Amino acid sequence: MTRTFAPEPVTEWDDIQALAASGLGALAASAFLLLDVTDVAAARAWLAATRPTSVADINAARADGRIVSTALQLALSAPGLAALGLAPAVIDQFGPEFRQGLASDDSRSRRLGDIGTNDPANWDWGCGADVPHLLVMLYATPDALDAHVDKVLATLSPGFILRKREACAVQNGHEPFGFLDGISQPVVDWAGVREPGHDALYTHLLAAGEVLLGYPNEYRCLTDRPLLDPVQAPQLPRALDDASRADLGRNGSYLVYRRLAQDVPLFWQTLSARAGGMTAAIELAEAMVGRGIDGQPIPALGTRAIPGAEPYDLNSFSFTGDMGGNICPVGAHIRRANPRNADLPSVPDGLLDKLLVTLGLTGNARDDAISSTRFHRILRRGRRFGDMLSPVEAARPGAADPQAGLHFIALQASISRQFEFIQGAWVASAKFAGLSGESDPLLGNRCPFPGTMPTDGFTRPGPDGSIEKHALPQFVTVTAGGYFFLPGLRALAFIAALPAGGS
Ligand code: HEM
């Protein structure tokens with residue numbers, strides 16, 4: 001029988017990279033460096049000398065009334081861990097999908113929608129084993145970014161070669177189609193006060209173990225991670241579930257990176273032609289996203305008290321009163337990416353109802369999908385790239401492509417249960433919550449699924465009971481990506497100090 005654990009407060013802030021607790025929004029400029037190890041000893045020396053910004057650093061600055069003006073975050077791929085000399089037996093204890101990689105096999109690519117023009121064979125980097133060893137994320141205030149990047153670049157040789165520098169736009173809160181972004185995030189229960197599984201209603205609160213390894217997750221269990229002999233790793237904390245082992249995963253998180261190119265002119269030209277004008281085009285786009293372009297929830301959904309959301313903020317709504325999707329289409333992006341609603345299907349009132357639902361003796365397939373949302377949450381930490389075009393500019397015939405998109409970045413404790421489930425079962429699947437023949441209206445690749453069923457539909461029910469059906473072209477293309485591990489600072493120091501022959 002699997003051991004379960006009570007929630008555990010997170011206190012080791014000086015061991016946790018800042019991104020786990022913050023999108024670093026005050027540092028609006030950023031650049032991502034993708035590196036390969038060329039000289040192991042020099043690479044380890046660089047790692048030993050490079051300290052990623054921790055949550056404690058950000059908190060200390062905040063307490064002093066300052067903001068840090070630069071930050072560095074560092075993540076490693078499985079080939080990167082191997083290149084740095086971590087023993088295969090240790091790497092084997094990381095999650096299988098991390099070890100295999102984002103674009104390691106056709107089956108994973110099919111499930112994630114990485115077929116057609118999204119096929120990894122077309123990617124700039126990340127296809128098969130072609131994953132960079134290190135992802136270094138540099139953040140700064142706009143005036144300080146260039147100097148910050150130059151300073152880091154000057155230190156890389158001879159340990160690393162720079163494979164790619166990914167540029168980010170200075171963030172303005174909006175993604176390239178024009179929508180306010182980064183609004184709905186799980187609220188991590190850092191204090192360890194919530195008992196997972198006892199929520200009668202949808203909650204934004206999430207166990208810390210869904211983001212960080214080494215803490216109890218929504219099942220009240222500890223996600224598998226590498227546990228070592230403490231004699232070989234004295235600097236690592238002991239594992240919560242086995243005090244005789246040192247925990248290499250604790251305070252670390254898996255980082256999914258996907259570079260998503262957005263065809264902004266195609267998006268707005270298609271919608272304005274379909275809808276017959278910009279006002280109606282924006283309304284159609286808002287139905288596809290499931291929110292107003294300014295981030296407002298659809299008013300008719302109403303507001304309700306949701307743990308983790310401030311009353312009446314942009315996130316205090318659920319779909320309880322709109323199970324049929326007459327207000328917010330069932331296939332809208334935010335509804336596919338997080339169906340919200342009840343933690344228990346149908347929000348039963350009585351004890352008997354609750355018991356029947358818990359035992360799986362009532363409810364239906366759609367309820368089941370909805371009830372599982374707490375196991376499929378991610379922390380989004382993406383950054384926009386390219387120029388911004390307003391919807392009106394983009395809708396003009398012949399508008400120049402601003403070459404814009406999203407460096408999609410998600411943190412989680414289990415790539416398969418969190419990002420891969422959301423992307424595969426909800427976003428890319430042509431069958432979702434009673435819909436078929438459609439996939440995510442923003443992200444779908446529009447390829448037939450699984451070879452025959454169309455996926456380009458979008459159903460938008462009108463308030464009068466009418467139903468609009470749209471056939472959509474592909475607006476977003478995956479152009480690079482990889483799975484990385486964002487380690488705790490002590491785990492990074494352990495890797496940097498590996499003996500010459502490996503661990
Ligand atoms: C170019 C690609 C994408 C665009 C333009 C986009 C845009 C948006 C927008 C405008 C929102 C609503 C604002 C907010 O709550 O932050 C949103 C929410 C969200 N998106 Fe995306 N997104 C993209 C890719 C993805 C991907 C690949 C995933 C995951 C597989 C994802 C998962 C989510 C989630 C979980 C939410 C919050 C849903 C909620 O809790 O209400 N998005 N996105």
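First listed ligand is number 1; within each ligand, the first listed atom is number 1. Residue numbers run from 1 in the order of the sequence given. Everything numeric here is computed off the predicted structure, so don't read it as measured data.
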Practice task
Answer whether the closest heavy-atom distance between the side chains of H133 and L34 falls below 4.5 Å.
Solution key: no
Problem - Proximal atoms of ligand 1 relative to Q423 (non-hydrogen, under 4.0 Å) - result: 27 (C), 30 (C)
Handout entry: Residues Q474 and N118: side-chain donor-acceptor under 3.5 angstrom
Key = yes
Exercise for the section: Please find out if less than 6.0 Å separates the ring center of F485 from that of Y254. Expected result: yes
Handout entry: Those atoms of ligand 1 less than 4.0 Å from some heavy atom in N338
Key = 38 (C), 39 (C), 40 (O)
Fill in the blank from the handout: shortest atom 2 (C) of ligand 1-to-protein heavy-atom contact is with L443 CD2, 3.4 Å
Exercise for the section: Is it possible for you to check whether R225 lies under 6.0 Å from the centre of the six-membered ring of F94, through NZ or CZ, and within 45° of that ring's axis? Expected result: no
Fill in the blank from the handout: In ligand 1, the atoms that come under 4.0 Å of a heavy atom of A337 are 32 (C), 33 (C), 34 (C), 35 (C)
Practice task
Kindly indicate whether a cation-pi arrangement holds for R417 with Y219, taking the cut-offs as under 6.0 Å to the six-membered ring centre and within 45° of the axis.
Solution key: no
Exercise for the section: Mind checking whether R340 contacts ligand 1 via backbone (N, CA, C, O), side chain (CB onward), both or neither, at a 4.0 Å heavy-atom cut-off? Expected result: side chain
Exercise for the section: From atom 10 (C) of ligand 1, work out which of F177, F179, W426 has a heavy atom at the shortest distance. Expected result: F179
Handout entry: Proximity winner for atom 15 (O) of ligand 1, if only heavy atoms of G178, S184, G424 are counted
Key = S184
Exercise for the section: Look at atom 14 (C) of ligand 1 and find which of L442, I422, I183 reaches it with the closest heavy atom. Expected result: I183
Exercise for the section: Just let me know how L260 lines up against ligand 1, side chain, backbone, both or neither, with a heavy-atom cut-off below 4.0 Å. Expected result: side chain
Completion exercise
If you scan protein heavy atoms around atom 28 (C) of ligand 1, the nearest is F408 CE1, 3.4 Å
Completion exercise
atom 3 (C) of ligand 1 sits nearest the protein heavy atom L406 CD2, 3.7 Å
Problem - Region of N315 engaging ligand 1 - heavy atom pairs below 4.0 Å - result: neither
Handout entry: From the candidates Q185, R291, E286, H333, the one that places a heavy atom nearest atom 8 (C) of ligand 1
Key = H333
Exercise for the section: With heavy atoms of L180 as the reference, note each atom of ligand 1 found under 4.0 Å away. Expected result: 10 (C), 13 (C)
Exercise for the section: Would you kindly check if the NZ (Lys) or CZ (Arg) of R380 is within the cone defined by 45 degrees around the ring axis of F408 and under 6.0 Å from the six-membered ring centre? Expected result: no
Problem - SB check D130 R163 (cutoff 4.0 Å) - result: yes
Problem - Test side-chain hydrogen bond (donor to acceptor under 3.5 Å, both in side chains) applied to D114 and Q423, R108, R258, the passing residue - result: R258
Handout entry: R380 N/O to ligand 1 N/O under 3.5 Å
Key = yes
Fill in the blank from the handout: Within the 4.0 Å heavy-atom cut-off, what Q262 brings close to ligand 1 is side chain
Exercise for the section: Would you confirm whether the ring centroid of W125 sits within less than 6.0 angstrom of the ring centroid of Y257? Expected result: yes
Completion exercise
closest protein heavy atom to atom 5 (C) of ligand 1 is E175 OE1, 3.2 Å
Handout entry: Pairing of E218 and R374 as salt bridge, 4.0 angstrom limit
Key = yes
Handout entry: Polar side-chain atom of S253 near backbone of Q412 as donor-acceptor pair, under 3.5 Å
Key = yes
Completion exercise
Of all protein heavy atoms, the one nearest atom 12 (C) of ligand 1 is I334 CG2, 3.7 Å
Exercise for the section: Could you tell me whether D181 approaches ligand 1 through its side chain, its backbone, both or neither, with non-hydrogen atoms closer than 4.0 Å? Expected result: both
Handout entry: Heavy-atom side-chain proximity of T141 to L27 below 4.5 angstrom
Key = yes
Exercise for the section: May I ask you to check whether G182 has an N/O atom sitting below 3.5 Å from an N/O atom of ligand 1? Expected result: yes
